[in-house]
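Please read these numbers as outputs of a predicted model, since none were measured by experiment. All heavy atoms count here, side chains included; hydrogens, waters and symmetry mates do not.
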Amino acid sequence: MHCPFCQHTDTRVIDSRVSDDGATIRRRRVCEACGERFSTLETIELKLPAIIKSDGRREPFDARKLRHGFDRALQKRPVAEEQIEAAVRAVVHQLRMTTERELASLRVGEFVMAELRKLDHVAYVRFASVYRAFEDVADFREELDRLENDSAAEGQLPLLDDAAPRAKGRRR
């Protein structure tokens, strides 16, 4: 490892620590020539499948795009950052487990929807509306009905309260 300060080729590891999630190792190093200290991160490098877009284009998997999709769906929702990170890691893990060299973007979207469904039903419907290209209110209603039928088993609050209509501008 070259020293980032003097470019000397001989550096020594003085401390190593595994990250909380166990996926990276942080190494504290010292340069033998100039004495400066710096940190490096060591991660496992696994080849993730290329993503085949709906128009046939192929692109390398981009974890930032995945995270951005989660962030957009979960915007202004009461979901902890740790839960979002865990969901992103779960999707990446599923991608690794496919062992395929190429994967349709539709399949990645299914993985994301499964994780969003566990996290937050509103975020799930937001994502599904774009992903499945809902064209009218009936499409939303169908998805909400499916969620309502399954939500009792998942322990989330109902999406709609049919007992009392909400007044405009008032929040519960």
Side-chain angles (χ1 to χ4, degrees), residues 1 13-29 38-55 57-134 139-161 166 171-172:
M1 171 75 53
V13 175
I14 55 176
D15 184 38
S16 293
R17 296 181 186 205
V18 177
S19 67
D20 292 335
D21 64 0
T24 59
I25 295 177
R26 180 178 179 267
R27 298 198 192 280
R28 193 74 180 136
R29 296 176 175 269
F38 59 97
S39 296
T40 59
L41 289 177
E42 183 178 311
T43 60
I44 298 171
E45 184 177 61
L46 294 174
K47 185 94 169 141
L48 289 167
I51 306 302
I52 304 170
K53 306 300 261 181
S54 57
D55 64 2
R57 287 180 299 121
R58 286 165 168 69
E59 353 181 298
F61 173 76
D62 186 352
R64 290 178 307 204
K65 283 185 178 181
L66 177 66
R67 175 57 198 243
H68 181 70
F70 272 97
D71 288 343
R72 294 279 311 262
L74 289 161
Q75 190 172 9
K76 297 184 181 182
R77 298 300 304 153
V79 178
E81 186 68 26
E82 296 81 31
Q83 291 176 294
I84 300 170
E85 285 297 324
V88 170
R89 281 194 307 271
V91 170
V92 170
H93 178 74
Q94 288 174 322
L95 292 173
R96 282 190 184 121
M97 294 297 106
T98 63
T99 67
E100 295 178 31
R101 298 176 88 180
E102 295 182 329
L103 198 63
S105 61
L106 296 174
R107 191 123 169 253
V108 177
E110 293 294 333
F111 293 153
V112 170
M113 286 193 348
E115 291 301 318
L116 283 172
R117 188 175 182 148
K118 293 177 203 172
L119 286 178
D120 186 83
H121 283 167
V122 172
Y124 168 79
V125 172
R126 282 180 182 167
F127 188 86
S129 69
V130 174
Y131 174 75
R132 292 188 178 151
F134 290 176
D139 293 337
F140 277 97
R141 174 50 62 194
E142 281 179 35
E143 195 62 42
L144 291 175
D145 289 342
R146 263 196 299 276
L147 278 173
E148 284 294 319
N149 292 334
D150 297 341
S151 67
E154 294 175 5
Q156 290 196 33
L157 296 173
L159 286 169
L160 300 173
D161 184 9
R166 288 172 52 174
R171 303 185 105 208
R172 287 195 256 182

Any ion pair linking Arg146 and Glu148 (charged N to carboxylate O, less than 4.0 Å)?
->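 Between Arg146 and Glu148 there is no salt bridge, as every charged N stays at least 4.0 Å from the carboxylate O atoms.
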
Please round to the nearest 0.5 Å and tell me the distance separating atom [atom1] of [X] and atom [atom2] of [Y].
{"X": "Ser105", "Y": "Lys65", "atom1": "OG", "atom2": "NZ", "value": "10.0 Å"}
{"X": "Thr99", "Y": "Leu103", "atom1": "OG1", "atom2": "CG", "value": "10.0 Å"}
{"X": "Arg27", "Y": "Ser39", "atom1": "CZ", "atom2": "OG", "value": "11.5 Å"}
{"X": "Met113", "Y": "Glu110", "atom1": "CE", "atom2": "CD", "value": "4.5 Å"}

Would you say Arg89 has more than 12 foreign heavy atoms packed within less than 6.0 Å of its CZ?
-> yes

Do [X] and [Y] have side chains that get closer than 4.5 Å, going by heavy atoms?
{"X": "Met1", "Y": "Thr40", "value": "yes"}
{"X": "Arg77", "Y": "Arg126", "value": "yes"}
{"X": "Phe61", "Y": "Leu66", "value": "yes"}
{"X": "Lys53", "Y": "Ile51", "value": "yes"}

Looking only at atom types and distance, does a side-chain atom of Thr24 sit under 3.5 Å from a main-chain N or O of Glu42, one as donor and one as acceptor?
->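 Flag not set: sc Thr24 to bb Glu42 has no pair under 3.5 Å.
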
Name of the residue among Val122, Leu74, Leu116 meeting side chain to side chain contact (heavy atoms under 4.5 Å, CB included) with Val79 =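 Running side chain to side chain contact (heavy atoms under 4.5 Å, CB included) over Val122, Leu74, Leu116 with Val79 returns exactly one hit, Leu74.
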
Among Gln94, Arg96, Glu100, Arg101, side chain to side chain contact (heavy atoms under 4.5 Å, CB included) partner for Thr98 = Glu100

Passing option when Asp71 is tested against Arg67, His68, Gln75 for side chain to side chain donor-acceptor pair (under 3.5 Å) = Arg67

Locate the shortest heavy-atom distance separating Gly69 from Phe127; write the atom from each residue and the value.
->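 In this case the closest contact between Gly69 and Phe127 is O-CD1, 4.4 Å.
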
